[in-house]
Protein chains: 2
Amino acid sequence: MQFSKSTDYALHALLHLGNSERCNNVGIKELASTLGVSESYLSKIMSKLRQDGLVRAVPGVNGGYELSRSTEQITFLDVIQVIEGRQKLFECSNTDSQQHRLLAEEETAGRDQERSGKCECLVQKVMEGAEQHLHQYLREHTIQSVLDEAFKHGNHETNKK
Amino acid sequence: MQFSKSTDYALHALLHLGNSERCNNVGIKELASTLGVSESYLSKIMSKLRQDGLVRAVPGVNGGYELSRSTEQITFLDVIQVIEGRQKLFECSNTDSQQHRLLAEEETAGRDQERSGKCECLVQKVMEGAEQHLHQYLREHTIQSVLDEAFKHGNHETNKK
DNA sequence: TTATTATGGACACTACAGGTCTATAATAAT
DNA sequence: ATTATTATAGACCTGTAGTGTCCATAATAA
């Protein structure tokens, strides 16, 4: 259970864009060399970020990528969900087993049965709680918050050239 | 990014053991049929749980598995770490890239340099925070807490026979 | 001694992460 | 218009981890 390298690259790429001068898009060459990763692979990741609306891209001479929202509006959760997908952290298999008949909440068979169509396992319930906590934390951390932290510690090297 | 099926099976198996009569170990046959999974695969998982000290196993006639601690002392985190391993949720690659020289905390190069040998990236820092939060939540939920919840909802079917 | 049960190793299959390469499309500069 | 540049999409490859089966062996109780 680990986040993929792609998530790593995506986060660092967005940080680089966020740290760059506004209205000055940066190409895949610069991005790749800064992160220490191949252009071909990184461009795959950037495409994904574009498809989900986190960055804009313009081809052609002096083209490149730029953030499509402000750095405060791009959370860690956004980035992670784009790269890792939005499936649940945990899903029971064998939901028709004897275990699940025991552990599923009985009241869903009661009057508010139609509220949630599926009969939820208590294990699943705990894990969904975990996921919600995790998401909340990741929503509270943005590209900007990391940049703030970096500047606070005295790394004042912006990318102006 | 998902927990494996093995973790699913392990959690449900331990719940079954926890719900069973004390001092009465249950065999792989019963366990597997209750969970709706093959005996061969489940036994692999049970072995892992045994190696890490969560259950005891006795071979031979009327053998089987039993919890080696009380249900309050087995947390979700315990189970997950046995099955998924104990690697970090996130680890930066290319820690020698230009990005990391920018994002690593400068003060670690200061007087307390030897406190933590490695120069930590701020992205990594955020993700470790996330992991800590997740772990804390998972530590607060135990086999017993799920059983309590189940009984509260009126599933009073214990496994006495 | 025997039947039963867990254990460990070998093996197979599949999916996916990680990565490269090439052809194509879009854009700006000339 | 042409050309150089840059992003995009697709095909393709590789290794590894998850999921699972099967069999031989060891340990134990009856």
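To find a chain, count down the sequence lines: A is the first, B the second, and so on, and within it residues start at 1. Both backbone and side-chain heavy atoms feed into the values below; hydrogens, waters and symmetry mates do not. The structure presented is a predicted model; accordingly, all values stated were derived computationally and were not measured.
A residue-by-residue look at B/Ala57 and A/Ser40 shows that B/Ala57 has its nearest nucleotide of DNA chain C further toward the 5' end. Take the nearest nucleotide of DNA chain C for A/Asn62 and for A/Tyr41: the residue whose nucleotide is more 5' is A/Tyr41. Both B/Val61 and A/Gly60 sit near DNA chain D, but only A/Gly60 has its closest nucleotide nearer the 5' end.
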Could you go through the side-chain hydrogen bond (donor to acceptor under 3.5 Å, both in side chains) check for B/Glu84 and B/Thr7 one step at a time? CA-CA 7 Å; B/Glu84 307 277 339; B/Thr7 293; 2.6 Å; yes

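Listed candidates were C/dT7, D/dA7, C/dA28. Nearest to the side chain of B/Ser47 is C/dT7. Closest to the side chain of B/Ser38, out of D/dT6, C/dG19, D/dT21, is D/dT21. Here D/dG18 is the nucleotide among C/dT20, C/dT5, D/dG18 with the atom lying nearest to any side-chain atom of B/Ser4. Among the nucleotides C/dA26, D/dT8, C/dT5, the one closest to the side chain of A/Tyr65 is D/dT8. When distances run from any side-chain atom of A/Arg50 to the nucleotides D/dA27, D/dT21, D/dT8, the shortest one goes to D/dT8. In the set D/dT28, D/dT8, C/dG19, D/dT8 carries the atom at the smallest distance from any side-chain atom of A/Ser43. Among the nucleotides C/dT5, D/dA9, C/dA3, the one closest to any side-chain atom of B/Lys29 is C/dT5.
Straight-line distance from the CG atom of B/Leu42 to the P atom of D/dG18: 17 Å, rounded to whole Å. Summarising the geometry, the separation between CD on B/Glu66 and P on D/dT28 is reported as 14 Å, rounded to the nearest angstrom. Rounded to whole angstrom, the span from the CG atom of A/Leu35 across to the P atom of C/dG18 amounts to 15 Å. The nearest whole Å value for the distance from the CD1 atom in A/Ile83 to the P atom in C/dC16 is 16 Å. Remark: C1' of C/dA28 and CG of A/Asn25 are 12 Å apart, rounded to the nearest angstrom. Nucleotide D/dT21 holds its P atom 10 Å from the CD atom of B/Glu39, rounded to whole Å. For B/Leu49 and C/dG8, the CG to C1' distance is 16 Å, given to the nearest whole Å.
A distance-only check finds no donor-acceptor pair linking the side chain of A/Glu39 to the backbone of A/Ile28 [under 3.5 Å]. Of the possible polar contacts, none joining the B/Asn94 side chain to the A/Val37 backbone as a donor-acceptor pair under 3.5 Å is found.
Residue B/Lys48 places no side-chain atom within donor-acceptor reach of the base of C/dT7, judged by atom type and a 3.5 Å distance cut-off alone.
Residue A/Gln51 has a polar side-chain atom (N or O) positioned under 4.0 Å from OP1 or OP2 of D/dA9. Of the side-chain N and O atoms in B/Tyr9, none sit less than 4.0 angstrom from OP1 or OP2 of D/dG18.
In this structure, B/Tyr137 has its ring center at least 6.0 angstrom away from the ring center of B/His133.
Pairing for D/dA30 is with C/dT1, a Watson-Crick or G-U wobble pair whose two hydrogen-bonding atom distances lie under 3.5 Å.
Classification of A/Lys88 and A/Glu128 as a salt-bridged pair holds, one side-chain N sitting under 4.0 Å from a carboxylate O.
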